[in-house]
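I have placed the structure first, in the form of structure tokens, so that the comments after it can refer back to it.
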Protein chains: 2
Amino acid sequence: MPIKKDLTQKQKEVLRFIYDSIRGNNLPPTIREIASHFGFKSTGTVRDYLTALVKKGYIKVSANKSRAIELVKEALFSIPIVGQVRAGLPTLAVEEIEGYLNLDSLVFSDESTFALRVKGDSMIEAGIMPDDLVLVRRQDMAQTGEIIVALIGEDATVKYLKRVNQDYFLEPANPVYQPRKVDGSVSIIGKVISVVRRF
Amino acid sequence: MPIKKDLTQKQKEVLRFIYDSIRGNNLPPTIREIASHFGFKSTGTVRDYLTALVKKGYIKVSANKSRAIELVKEALFSIPIVGQVRAGLPTLAVEEIEGYLNLDSLVFSDESTFALRVKGDSMIEAGIMPDDLVLVRRQDMAQTGEIIVALIGEDATVKYLKRVNQDYFLEPANPVYQPRKVDGSVSIIGKVISVVRRF
DNA sequence: TTTTATACCACACATATGATTGGAATGTCA
DNA sequence: TGACATTCCAATCATATGTGTGGTATAAAA
């Protein structure tokens, strides 16, 4: 889910390594650690990459400080908060990203996880209120009884998945609304793994 | 859960600085950065602190790597999840800590913030379900309309704070329960700033 | 009393690490 | 074509940084 597309493939790999290093080791890499990971034989090569990444706005580096590589703001790998979901999934359009939720280790932010802001009160009896954020792990299958995110046409909806005989239904947690049968126009895009609300 | 030995006041300050450095700068400090922050004139002094913190289980350090100070999970500054709250607040007894919620930058986990597991359904219409975690910022005052955590005798309870004329009430979000007037037996211990639920 | 932990210092050493300079090959774009 | 970005290399330099040795002083614990 790249935000900006102006990185080369190799630059992406370097950025990814920096990201993994920070998330995995709790420590940004040194220039030589980057070099040895990619088999570069010169630190100058790494410097070229770092200056490119700085110039393109993905990282910041501080002079004369070891490991002083910082991921910039809403960089590549934080979880995007999407205000609405369109049929284009799993490719999230940039305009739909509402902000970024930095959950760090709460969620293992692999690229298949995102957060969705809930609209409407159809899940209110499940404790999911309008404007809550639901954390969604992208998957196209789900168990009955799980809370899922489904796409109906271009609209994303959060519902229980229920099975009756051979048929599946999207069931709201609000008696005001009716269940809807899962047919060809409905696709499951993920499972709700967490709810976060902030006051 | 491993029992950790007590830290001296100065050791706490050093640990706190390491923590702030990681959270604030996204980078653990070097030995000399620690030294200069505290005015230590020898790196040996810092090494003494680090070895003490390692031995007591608060940090890990890797040999021959710069800035390789790692906070051990469930360390001092993660947010404790308390299963119940007793009158002893704001000193949380260790036995009451149910686990640790690592929220990193979601919440600025100063020492006045903790998480409380909700029991009961008295706030169900506010979308706070049994077993949810509420993040609580410790404070003894609150505005009317805010969701607060109050202590009634030895029991912690999550309720709306409402004002009617001169009186304050703890008001549940569930018609099954009755509001309760705030009197001398009730003390406000914090304000709910977030709700987190995991499936 | 002896031992251990705490809390500092001075000084030196080895190396980890970030700059820097200069070059080369390749491809893109105006 | 020429300017420029990308992607590598070699080699060197300066210093940032972790480590080690050996102290002093105080207080608590065994």
Side-chain angles (χ1 to χ4, degrees), chain A residues 2 4-18 20-22 24-72 76, chain B residues 2-22 24-72 76:
Chain A
K4 306 167 186 172
K5 288 191 173 182
D6 51 2
L7 290 183
T8 67
Q9 183 56 37
K10 296 216 167 187
Q11 287 169 353
K12 273 185 196 171
E13 287 169 23
V14 172
L15 181 57
R16 177 76 201 194
F17 176 71
I18 294 169
D20 288 342
S21 185
I22 291 174
N25 309 328
N26 281 317
L27 209 57
T30 64
I31 288 178
R32 282 173 179 81
E33 283 170 358
I34 297 172
S36 82
H37 178 263
F38 288 100
F40 299 147
K41 291 176 182 168
S42 169
T43 58
T45 304
V46 178
R47 180 222 33 212
D48 290 343
Y49 279 106
L50 294 187
T51 54
L53 290 173
V54 167
K55 195 167 62 179
K56 294 180 178 180
Y58 286 85
I59 61 173
K60 279 190 286 190
V61 297
S62 306
N64 299 313
K65 289 179 68 178
S66 64
R67 304 181 184 274
I69 305 175
E70 207 181 329
L71 295 176
V72 166
L76 208 54
Chain B
I3 300 170
K4 298 196 171 56
K5 295 194 176 180
D6 285 334
L7 294 179
T8 66
Q9 183 55 38
K10 296 215 168 188
Q11 288 169 353
K12 272 186 196 170
E13 287 169 22
V14 172
L15 181 57
R16 177 78 201 192
F17 175 70
I18 294 169
Y19 171 82
D20 287 342
S21 185
I22 291 175
N25 308 328
N26 282 318
L27 209 57
T30 64
I31 287 177
R32 281 173 181 80
E33 283 170 357
I34 297 172
S36 84
H37 178 265
F38 289 100
F40 299 147
K41 291 175 182 169
S42 170
T43 56
T45 303
V46 177
R47 183 220 30 217
D48 289 345
Y49 279 106
L50 294 187
T51 55
L53 290 172
V54 168
K55 197 166 60 178
K56 293 179 176 179
Y58 286 85
I59 61 174
K60 280 190 286 190
V61 299
S62 307
N64 299 314
K65 288 179 68 177
S66 65
R67 303 179 184 276
I69 305 174
E70 205 181 330
L71 294 176
V72 171
L76 200 59

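Residue numbers begin at 1 in each chain, while the letters A, B, ... track the order of the sequences. Quick caveat, the model's predicted, so the values are computed rather than measured. The analysis underlying the following values was restricted to heavy atoms, covering all of them including side chains, and did not include hydrogens, waters or symmetry mates.
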From the candidates D/dT19, C/dC8, D/dC9, the one with an atom nearest any side-chain atom of B/Arg32 is D/dT19
All N/O donor-acceptor pairs, side-chain side in residues 31-42 of chain B, below 3.5 Å, sequence neighbours left out:
from: B/Glu33; atom 1: OE1; to: B/Thr30; atom 2: N; distance (Å): 3.0
from: B/Glu33; atom 1: OE1; to: B/Arg67; atom 2: NH1; distance (Å): 3.1
from: B/Glu33; atom 1: OE2; to: B/Arg67; atom 2: NH1; distance (Å): 3.4
from: B/Glu33; atom 1: OE2; to: B/Arg67; atom 2: NH2; distance (Å): 3.2
from: B/Ser36; atom 1: OG; to: B/Glu33; atom 2: O; distance (Å): 3.4
from: B/Ser42; atom 1: OG; to: B/Gly44; atom 2: N; distance (Å): 3.0

Taking C/dT17, D/dC9, C/dT20 as options, the one with an atom nearest any side-chain atom of A/Thr45 is D/dC9
Practice prompt. Would you indicate whether the side-chain heavy atoms of B/Val61 and B/Glu70 approach each other to under 4.5 Å?
Written response: no
Contacts of B/Gln11 and B/Ser66 projected onto DNA chain C by closest heavy atom; the upstream (5') one is B/Gln11
Quiz item: Is B/Ala63 touching bases, backbone alone, or none of the nucleic acid, heavy atoms closer than 4.0 Å?
Solution: sugar-phosphate
Please list, pair by pair, any protein nitrogen or oxygen found under 3.5 Å from a nitrogen or oxygen in nucleotides 22-27 of chain C.
none

Practice problem: Assign B/Thr8 to base, sugar-phosphate, or nothing according to its heavy-atom contacts below 4.0 angstrom with the strands shown. | Solution: sugar-phosphate
* Heavy-atom check, side chain of A/Ile22 versus side chain of A/Leu27, under 4.5 Å -> no
Picking from D/dA11, C/dC8, D/dT17, the nucleotide nearest the side-chain atoms of A/Thr43 would be D/dA11
inquiry  = Applying a 4.0 Å non-hydrogen cut-off, can you work out what B/Thr30 is touching in the nucleic acid: base, sugar-phosphate, or nothing?
reply    = sugar-phosphate
Phosphate-side-chain proximity, A/Asn64 and C/dT17, N/O vs OP1/OP2 below 4.0 Å: no
Is any side-chain heavy atom of A/Ile18 closer than 4.5 Å to one of A/Leu50?
yes
Overall bend of the helix from C/dT1-D/dA30 to C/dA30-D/dT1 (five pairs an end, 10° steps) is 30°
